[in-house]
Amino acid sequence: MGVENVSIDPGTIYRFDGKTLGRGGYADVRRAWHRQTGAEVALKRPLTTPQALDRIRVEIEAQKRLHHPNIMPIIEHDPGYAWYTMPVADGTLTKFRKELDEEDLVSILLNIADALEIAHQEDLVHRDISPNNILAIPGTSIRTRRWVVADWGMVRRPPGATENPLTRTGQAIGTDGYAAPELSDDPRTATAAADVYSLGRVTAWFLTKKSPKAGRRLLPDDEKLMHWRPFIVECTQDEVSQRTNSMAELRAKLQDVLDSRDEPVEDRAERLIEQVLLGEHSSLEPLFTLAEAYPNNSVVYIDALALLTSPILNETAKRTPERIAEIATTMARLLVKTPWGDRDLEYKGTPLAFIHTTLRALVINRQLGLAQDLATEFFRADAHCGHHEQTRRTTEWLDELDGAAERAVSRALTGGGPAVVAYYRAFSWTPRSAGLATLLAP
Ligand SMILES: Nc1ncnc2c1ncn2[C@@H]1O[C@H](COP(=O)(O)OP(=O)(O)OP(=O)(O)O)[C@@H](O)[C@H]1O
């Protein structure tokens with residue numbers, strides 16, 4: 001055993017007052033004073049399980065590598081990695097939530113994003129960002145308080161480095177409700193996007209004052225906080241490929257939150273659709289996210305999103321079928337429940353065509369489960385709107401279908417309810433397929 005592995009009793013270096021600053025699942029943290037200098041520190045010592053010992057070593061190694069004002073520094077550590085000291089914090093973000101406002105949230109997010117970016121550049125992913133691991137180092141006032149990311153024991157280390165032993169044991173990584181879904185599949189594959197997810201959940205928690213539950217979306221409903229919804233939706237997408245995937249991108253999205261604070265959501269949707277129609281494809285993603293964030297806003301869906309062209313819809317249905325199916329389902333439901341107001345009656349054909357195009361693309365791509373679910377909503381909307389030109393297109397399409405696709409869509413038509421069946425029955429059309437003909441026979 002080398003000299004560096006010999007542990008030193010921290011009592012020989014530090015004096016304790018017997019008080020614990022906090023205790024977690026793996027370690028306790030005590031206030032201590034350096035015997036020679038009198039400096040006050042927080043001393044973290046693992047509980048004596050092998051896992052806790054592994055974890056503290058990982059934590060020390062990671063924190064020693066990272067130098068940033070918003071990362072908890074290590075003042076001193078045991079040569080045998082049995083304990084370490086750090087500055088004493090006032091408390092966690094959880095503790096101070098009540099006295100902080102939206103401006104504070106923005107500045108905390110910017111600070112924490114900077115800190116995590118440094119880690120990501122070193123190929124380290126924290127994997128356990130939660131309000132309890134964001135600590136406040138006291139300043140002379142609330143405003144000069146410094147927020148730091150602590151508790152790096154769950155960190156994912158770079159490829160090639162020894163794997164974090166905690167990952168290898170297959171135990172759950174991260175904090176329930178804050179941990180990205182991919183961490184429960186294979187925590188070793190975590191990327192920067194896992195930390196983005198957790199920061200998105202921290203934001204949702206901060207704004208709603210509710211604890212996030214794993215697998216459940218959490219978004220603010222308060223009118224004054226609506227401009228945060230797209231940011232949270234983008235940071236907390238379950239699919240990594242659809243999520244904001246770096247801290248640089250998160251910061252840019254945060255800037256969008258600030259810019260959009262005073263822009264009504266309807267104006268934003270109309271601005272984005274105009275950009276997409278002018279060929280700016282980068283505006284498509286924010287437009288979808290906006291739609292997902294405002295599922296009850298008929299202007300976003302019917303007046304803006306519905307203008308998307310067929311090539312874009314076909315492409316999206318190929319890339320992200322679940323997502324576009326859900327958006328089209330929401331549009332269909334809105335068509336049924338939204339008073340048409342002073343919109344042109346002919347315009348009903350536009351959102352109906354959006355849904356129908358999506359549906360056709362799903363069938364062509366053999367996404368028959370999704371197609372069946374969407375078809376039910378589409379038939380209801382088609383019947384509700386009574387737009388004859390569209391219904392003619394619908395029936396022509398139905399006549400083209402056969403086999404499993406035809407059966408799935410027939411099921412959906414029945415599923416639409418008696419009023420839907422009656423609508424197509426009354427339409428002057430004789431279905432080509434025997435199944436549909438029987439279904440619609442008077
Ligand atoms: N530097 C510090 N100053 C004051 N209190 C601290 C400090 N570091 C940690 N604490 C408190 O000690 C408690 C336990 O610390 P920590 O969360 O790091 O332990 P852990 O066992 O690794 O945690 P967990 O089980 O939550 O992952 C926390 O609740 C935190 O509030």
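Counting starts at 1 for both ligands and their atoms, in listed order. We use all heavy atoms of the structure for the numbers below, so side chains are in, but hydrogens, waters and symmetry mates are not.
- Ion pairing between Glu103 and Arg261 holds under the 4.0 Å rule for side-chain N and carboxylate O.
- Taking a cutoff of 4.0 Å between a charged side-chain nitrogen and a carboxylate oxygen, Arg229 and Glu292 do not qualify as a salt bridge.
- To the nearest 0.5 Å, the span separating CD on Glu122 from CD on Glu117 amounts to 12.0 Å.
- Within a 4.0 Å radius of atom 29 (O) of ligand 1, the protein has no heavy atom.
- From the protein, the heavy atom lying nearest to atom 1 (N) of ligand 1 is Pro87 O, 2.9 Å.
- Every atom of ligand 1 is numbered from 1 in the order shown, and the set under 4.0 Å from a heavy atom of Met72 is 1 (N).
- Atoms of ligand 1 lying under 4.0 Å from any heavy atom of Arg23, numbered from 1 in the order shown and given with element: 13 (C), 14 (C).
- In this structure, the protein non-hydrogen atom closest to atom 8 (N) of ligand 1 is Met86 CE, 3.3 Å.
- For ligand 1, the atoms closer than 4.0 angstrom to any heavy atom of Val88 are 3 (N).
- At the top of the distance list for atom 6 (C) of ligand 1, counting protein heavy atoms only, stands Val29 CG1, 3.9 Å.
- In the candidate list Gly91, Ala136, Ala89, Ala89 is nearest to atom 3 (N) of ligand 1, counting heavy atoms.
- Under the 4.0 angstrom criterion for non-hydrogen atoms, Lys44 is in contact with ligand 1.
- In this structure, Arg55 counts as a contact residue of ligand 1, since one of its heavy atoms falls inside 4.0 Å of the ligand.
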